[in-house]
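Following: one structure in structure tokens, then a few remarks.
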Amino acid sequence: MRGEMKILVLNCGSSSIKYQLFEMPENIVLAKGLVQRIGEAHSEARQNTNGSDLVVNTEIGDHQQAMGIIEKMLTDSTKGAIASLSEIQACGHRVVHGGEAFTGSVVCSTELESVIENYSELAPLHNPANLTGIRAAKKMLGAAPHVACFDTAFHQSIPQKAYLYALPYEFYDKHQIRKYGFHGTSHRFVARAAASFLGKHKYGVDLITCHLGNGCSIAAIKNGKSVDTSMGLTPLEGLVMGTRTGDLDPAIIFHLIRKGYKPAELDTIFNKKSGLLGISGLSNDVRDLEQKEKVGLESARLALDIFAYRIKKYIGSYLAVLNGCDAIVLTGGIGENSPVMRERIFRDLENLGIELDESKNHSLRGTIGEIHAPDSKIKILVIPTDEEGAIARDTYALVREKELAV
Ligand code: AMP
């Protein structure tokens with residue numbers, strides 16, 4: 001049936017809530033919004049419905065209050081999308097860490113909330129905010145079912161040889177120290193879209209998927225399942241990111257502690273002041289850096305070179321892990337929109353059977369398509385990610401299944 005169910009998708013950060021209202025099963029976006037700077041004096045809420053913008057500037061003390069603003073915006077008589085919240089039949093939530101407990105999305109229960117709470121130790125910046133969002137949304141939406149979609153779930157198929165660190169085994173047993181991987185909803189979405197673009201079954205395709213946004217990660221996908229990924233116990237490992245280091249020699253930490261740095265200080269530096277921003281001293285934003293490189297700023301060039309080099313190294317290692325693949329997929333703000341970065345990554349890979357088509361690369365931005373040369377053995381695809389759409393689809397499927405089961 002058309003327009004059978006309206007689903008709200010929430011992505012709650014510590015001081016922000018991103019949301020989208022979908023009409024399912026068509027996956028039509030009815031409204032899209034962002035509440036920022038929650039808990040600060042000058043908060044802002046912004047919503048777009050059918051091309052028309054609604055902006056509210058007011059002090060928003062906490063997530064519960066932010067939900068109240070979202071309700072007002074969604075039901076606004078001229079620029080809203082619905083007449084009443086009772087039209088929303090289900091709510092999907094992005095949850096960052098699901099540890100080893102979840103291999104897919106699940107309907108929220110009180111027990112599930114305590115599992116999410118337990119994993120807060122492994123994702124202190126994200127899980128508490130995700131949980132606050134679930135609790136606030138439950139209050140707002142009454143009896144509607146809620147579904148949690150975990151960033152870690154898609155990577156639970158990674159084998160032990162890839163997820164264990166070479167530490168004493170008891171660190172895994174006692175403290176759950178292992179690679180979990182993140183951005184799973186995005187890697188899964190683009191992997192399924194790539195399979196369909198290539199005319200293959202979702203479990204019949206080998207891919208390297210590169211999510212290149214403010215956070216960056218890369219995954220090796222064998223027969224549609226994740227077998228390795230660059231992020232680890234936390235989203236700090238792997239590729240160079242906007243402000244995060246990615247891979248480091250762990251001894252750097254001991255060295256810097258001996259030099260007088262405090263662990264908390266290093267945590268902040270590695271997560272918020274490193275990566276493209278740290279190297280360039282200019283910006284964490286690829287678009288900015290590309291402009292600065294054009295006008296001759298050497299530190300911008302260096303940061304972009306290091307960023308691309310790390311991606312290239314991972315592509316090489318995942319080609320070995322997979323023994324070749326059907327396609328390399330690019331997504332995220334950078335992967336979807338920067339032909340200059342794509343050129344940097346794929347330069348001089350022709351001996352590995354990977355060749356970019358310059359003109360296709362330059363003309364493709366923000367839409368699905370292929371950018372490899374006709375002779376390239378391995379295809380290169382650009383696929384815009386849609387994490388919220390994927391969460392809405394999971395939510396719809398689980399709620400329908402539950403309804404059918406009762
Ligand atoms: P995301 O986190 O997926 O929104 O991606 C953010 C990153 O994408 C930032 O580094 C942006 O500079 C980058 N980005 C977005 N559009 C472009 C563009 N047209 N050219 C280069 N980088 C872009």
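What you are looking at is a predicted structure, and each value in this text was computed from that prediction instead of being measured. Atoms within each ligand, like the ligands themselves, are counted from 1 in listed order.
When non-hydrogen atoms are compared, ligand 1 lies under 4.0 Å from the side chain of E290 (C-beta onward) but not from its backbone.
Look at E298 and K292 and you find no salt bridge, because none of the NZ, NE, NH1 or NH2 atoms lies under 4.0 Å from a carboxylate O. Salt-bridge formation is detected for the pair R344/D305: a Lys NZ or Arg NE/NH1/NH2 atom is positioned less than 4.0 Å from an Asp or Glu carboxylate oxygen.
I334 CG1, 3.6 Å is the protein heavy atom nearest to atom 7 (C) of ligand 1. Among all protein heavy atoms, the one lying closest to atom 17 (C) of ligand 1 is N337 CB, 3.5 Å.
Checking only distances, R365 never comes within under 3.5 Å of ligand 1, N or O to N or O. Checked against a 3.5 angstrom limit, the closest N/O atoms of G213 and ligand 1 fall outside it. The shortest N or O to N or O distance between V286 and ligand 1 is below 3.5 Å. Some N or O of D285 is nearer than 3.5 Å to an N or O of ligand 1, by distance alone.
The heavy atom nearest to atom 8 (O) of ligand 1, out of those in S338, C216, G333, G335, is found in G333.
Counting atoms of ligand 1 from 1 in the listed order, those under 4.0 Å from a heavy atom of N214 are 1 (P), 2 (O), 5 (O), 6 (C).
With hydrogens and angles left out, the side-chain atoms of S338 and E290 include a donor and acceptor closer than 3.5 Å. Judged by distance alone, the side chains of T385 and S186 do bring a donor and an acceptor atom under 3.5 Å apart. Residues R342 and N361 have side chains that bring a donor and an acceptor to within less than 3.5 angstrom of each other.
Using cut-offs of 30° and 60° for the angle between ring planes, the H187 and H183 rings count as tilted.
The aromatic ring centres of H155 and Y180 sit 6.0 Å or more apart.
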